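Heads up: the structure comes next, in structure tokens.
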Amino acid sequence: MPVRTTARSGMRRATTTTATGLRATAVAVLAAAALVSCTQGQTDGGLRADPSAPSATASPSADRAENADSVENADQAEQAAGEATEEPTVPAEPAPELVRDAFATLQATLGETCTPGAGDCAYFLGRVTQELTELDEAMRADPKGPGHFKQPLADMKVLFGKVGKDRSTPHLEKFFTEIVSTRDGINTWMQDHPDDYR
């Protein structure tokens with residue numbers, strides 16, 4: 001009889017130990033399954049604890065495109081704001097040429113001429129008149145002052161008074177002699193004032 005009691009007691013202990021082990025194993029398996037389920041929910045687009053968190057499966061190119069659109073919109077808004085506050089800029093008028101530069105281009109016409117009425121004066125007379133106009137502006141703006149260029153400025157004033165603002169070829173041909181003689185007279189004056197053109 002004592003032997004039977006011991007055997008039963010041993011069987012109870014074994015059964016208890018096995019049940020406890022099975023329960024512990026079941027708990028561990030359930031915990032592992034729950035962990036796998038949570039991990040899959042976050043990586044496969046399933047339920048997440050934070051619904052505002054970005055999906056891991058979102059396309060990186062879509063994110064870049066959205067960011068590029070945001071940056072472009074911000075740039076456009078900033079540019080529009082800048083344009084609204086900026087004052088329109090008026091381009092500065094170019095400064096007159098230096099006297100020596102303006103004279104050099106006039107001097108280049110010394111070997112040229114034309115015959116009024118022959119149809120070859122449009123370029124020549126137009127160019128000489130333009131060169132004289134630019135030389136007049138350069139002499140008036142020169143640091144030496146217009147008094148230094150008294151004679152050539154007086155000659156050009158007389159010429160421009162006769163010619164007026166009409167720069168058509170037939171009109172300029174009427175003043176061919178005055179235009180050419182003014183050019184040649186200024187050339188002679190400048191040769192006597194080498195510091196003004198060298």
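Bear in mind the structure is a predicted one, so any value in this text is a computation, not a measurement.
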Quick one, Leu106 and Leu132 - any side-chain contact, counting heavy atoms below 4.5 Å? yes

Taking the side chain as C-beta and beyond, is there a heavy-atom pair between Tyr197 and Asp101 under 4.5 Å? no

Before giving the answer on side chain to side chain contact (heavy atoms under 4.5 Å, CB included), spell out for Phe176 and Cys114 the whole-Å C-alpha distance, their side-chain angles and the decisive distance to 0.1 Å. CA-CA 9 Å; Phe176 173 84; Cys114 71; 3.7 Å; yes

How far apart are the C-alpha atoms of Thr129 and Phe175, what are their side-chain angles, what is the distance that settles it, and do they pass the side chain to side chain contact (heavy atoms under 4.5 Å, CB included) test? CA-CA 11 Å; Thr129 305; Phe175 300 98; over 6 Å; no

Within this structure, what is the NZ-CG distance for the pair Lys174 and Asp166, rounded to the nearest 0.5 Å? 7.5 Å

For residues 153-164, which side-chain N or O atoms pair as donor and acceptor with protein atoms under 3.5 Å away, sequence neighbours left out?
{"from": "Asp155", "atom 1": "OD1", "to": "Gln151", "atom 2": "NE2", "distance (Å)": "2.9"}
{"from": "Asp155", "atom 1": "OD2", "to": "Gln151", "atom 2": "NE2", "distance (Å)": "3.4"}

Once rounded to the nearest 0.5 Å, what's the spacing between atom CD of Gln130 and atom CG of Leu135? 11.5 Å

Side-chain heavy-atom pair Phe124, Thr169 within 4.5 angstrom cut-off: no

So does Gly117 get a backbone contact from the side chain of Glu173, meaning a donor-acceptor N/O pair under 3.5 Å? yes

Which value, rounded to the nearest 0.5 Å, describes the distance between Arg183 atom CZ and Leu110 atom CG? 5.0 Å

First locate atom OG1 of Thr109, then atom CG of Asn187, and finally report the distance between them rounded to the nearest 0.5 Å. 8.5 Å

Has Arg198 got a side-chain atom pairing as donor or acceptor with Arg100's backbone, closer than 3.5 angstrom? no

Does Thr105 use its side chain to pair, donor to acceptor, with the backbone of Ala102 at less than 3.5 Å? yes

Does the pair Phe103 and Leu98 meet the rule for a side chain to side chain contact (heavy atoms under 4.5 Å, CB included), with working shown? CA-CA 9 Å; Phe103 176 62; Leu98 296 174; over 6 Å; no

Which label fits Trp189 and His148: parallel for a plane angle under 30°, tilted from 30 to 60°, or perpendicular past 60°? perpendicular

Pair Tyr123-Glu112, side-chain donor/acceptor within less than 3.5 Å: no

Step by step, work out the side chain to side chain contact (heavy atoms under 4.5 Å, CB included) result for Val99 and Lys144. CA-CA 11 Å; Val99 169; Lys144 292 177 183 177; over 6 Å; no

Side chain to side chain, Met139 and Pro152, heavy atoms closer than 4.5 Å: yes

